[in-house]
Amino acid sequence: AADGGGGQARRIDGGAEAGQGRFEPGPGRVGIAGPLDAQRCPQIGEHDQIAARDGHGGGALASRRPLTLSGGQAQRVALARGLVGDPALLLLDEPFTALDVTTRAEVRRDVGAQLAERAGVTMLVTHDPVDALTLADRVLVVEDGRVVQDGPPTELVRSPRTPYVARLVGLNLLRGLADSTAGVVLTDGGVRVHTAATVSGRVLVTFAPSAVALHRAQPEGSARNVWP
């Protein structure tokens with residue numbers, strides 16, 4: 001973690017290795033408290049309060065020295081360091097990459113709860129759609145160097161604008177031409193898709209992979225679309 005602007009802007013970079021610029025030499029607690037010290041905050045001596053802000057395990061590492069920490073442990077301390085002091089701008093750059101799957105889910109949950117209480121601005125850079133969809137209230141999707149969609153997570157899930165965005169949110173996307181009178185979309189691949197929407201013209205059709213089923217015989221039931 002690196003501090004800038006008197007503690008008012010802070011970056012958490014998930015790519016650094018343990019002990020390489022994460023926090024100053026000394027016990028883990030010194031590294032966590034650094035931003036408070038930089039702001040001459042009266043909380044600097046209140047270890048319990050610092051640990052309370054660090055709901056994702058950094059407090060348990062207070063007696064450890066930086067070079068003895070694993071990559072995942074160093075990343076948790078870096079997160080604690082960035083969150084204390086409530087900087088006006090916080091940049092989280094791949095903040096969970098060094099964590100195992102189980103720990104990542106727990107830390108993501110705890111960080112999300114703390115970010116929800118922040119008055120400042122947080123910018124999250126990630127390749128993990130779960131991070132973006134669970135932590136952000138606005139998502140910018142960059143594809144081939146350009147922004148292809150910008151909006152709240154619910155909008156991305158409901159109306160992805162490109163196949164890439166659809167894959168990110170776990171949907172299939174088809175492009176086609178809709179006929180509102182027939183309630184049918186003829187996809188660019190020549191497949192007819194029946195829909196409940198009454199729209200005309202060029203459209204995007206999305207559906208979840210879980211909505212698709214394979215049958216050995218002609219299926220029965222209320223399925224709108226059946227393809228041989």
Side-chain angles (χ1 to χ4, degrees), residues 13-15 56 72 75 91-116 121-228:
D13 187 347
H56 41 269
Q75 192 162 44
L91 171 60
L92 300 178
D93 188 353
E94 303 286 0
F96 311 122
T97 53
L99 306 179
D100 60 62
V101 174
T102 301
T103 304
R104 184 181 305 167
E106 296 172 350
V107 172
R108 184 191 296 118
R109 178 197 61 214
D110 293 335
V111 168
Q114 295 190 28
L115 292 181
V121 175
T122 301
M123 180 179 293
L124 170 68
V125 179
T126 181
H127 286 84
D128 189 336
V130 176
D131 292 347
L133 296 176
T134 58
L135 296 178
D137 52 19
R138 177 186 173 192
V139 179
L140 280 78
V141 181
V142 179
E143 180 181 359
D144 294 329
R146 64 186 182 90
V147 176
V148 295
Q149 191 157 355
D150 173 9
T154 52
E155 179 182 312
L156 268 67
V157 173
R158 183 177 62 251
S159 303
R161 296 178 185 171
T162 71
Y164 175 68
V165 178
R167 289 195 301 272
L168 283 179
V169 298
L171 296 175
N172 295 303
L173 181 146
L174 301 175
R175 301 175 184 270
L177 186 64
D179 180 352
S180 61
T181 59
V184 172
V185 173
L186 179 62
T187 71
D188 293 348
V191 176
R192 293 172 62 87
V193 180
H194 295 272
T195 72
T198 55
V199 294
S200 297
R202 296 291 299 177
V203 296
L204 301 175
V205 178
T206 61
F207 55 94
S210 59
V212 179
L214 298 178
H215 300 266
R216 290 174 179 258
Q218 183 73 13
E220 299 179 356
S222 59
R224 287 180 177 270
N225 295 281
V226 177
W227 301 288

key: Test side-chain contact (heavy atoms from CB on, under 4.5 Å) applied to D188 - qualifying residues, sequence neighbours left out   = R175, R202
request  = Please name all residues satisfying side-chain hydrogen bond (donor to acceptor under 3.5 Å, both in side chains) with T154, sequence neighbours left out, ordered by chain then number.
outcome  = none
key: Shortest non-hydrogen separation from P153 to A136 and the atoms involved   = CG-O, 3.2 Å
query = Under a 4.5 Å cut-off applied to non-hydrogen side-chain atoms, are L92 and D131 in contact?
reply = no
Flag, side chain of Q149 to backbone of V141, donor-acceptor distance under 3.5 Å = no
message = Has N225 got a side-chain atom pairing as donor or acceptor with H194's backbone, closer than 3.5 angstrom?
response = yes
key: Residue pair G170 / P209: nearest heavy atoms and the distance that separates them   = O-CD, 3.1 Å
task = With sequence neighbours left out, write down each residue that passes side-chain contact (heavy atoms from CB on, under 4.5 Å) with T187, or none if nothing qualifies.
result = L174, V191, V193
task = Identify the heavy atoms of F207 and V212 that sit nearest to each other, and give their distance.
result = CE1-CG2, 3.6 Å
inquiry  = Applying side-chain contact (heavy atoms from CB on, under 4.5 Å) to V111 and F96, what does each step give before you reach the verdict?
reply    = CA-CA 10 Å; V111 168; F96 311 122; 4.1 Å; yes
ask   = Nearest 0.5 Å, what's the OG1-CG distance between T126 and L133?
value = 10.0 Å
query = How long is the span from the OG1 atom in T206 to the CG atom in L173, to the nearest 0.5 Å?
reply = 6.5 Å
task = For the residue pair D128 and R108, establish whether any side-chain heavy-atom pair is separated by less than 4.5 Å.
result = yes
ask   = Taking atom CG of L156 and atom CZ of R161, what is their separation to the nearest 0.5 Å?
value = 8.0 Å
inquiry  = Salt bridge check, E155 against R138: does any charged N sit closer than 4.0 Å to a carboxylate O?
reply    = no
ask   = Taking all non-hydrogen atoms of both residues, which atom of A178 and which atom of V185 are closest, and how far apart?
value = CB-CG2, 3.8 Å
ask   = If you measure from CG on L186 to CG on D179, what distance do you get to the nearest 0.5 Å?
value = 10.0 Å
query = Going from CG on L204 to CG on L171, what distance comes out if it is rounded to the nearest 0.5 angstrom?
reply = 11.5 Å
key: Distance-minimising heavy-atom pair for V139 and A132   = CG2-O, 3.9 Å
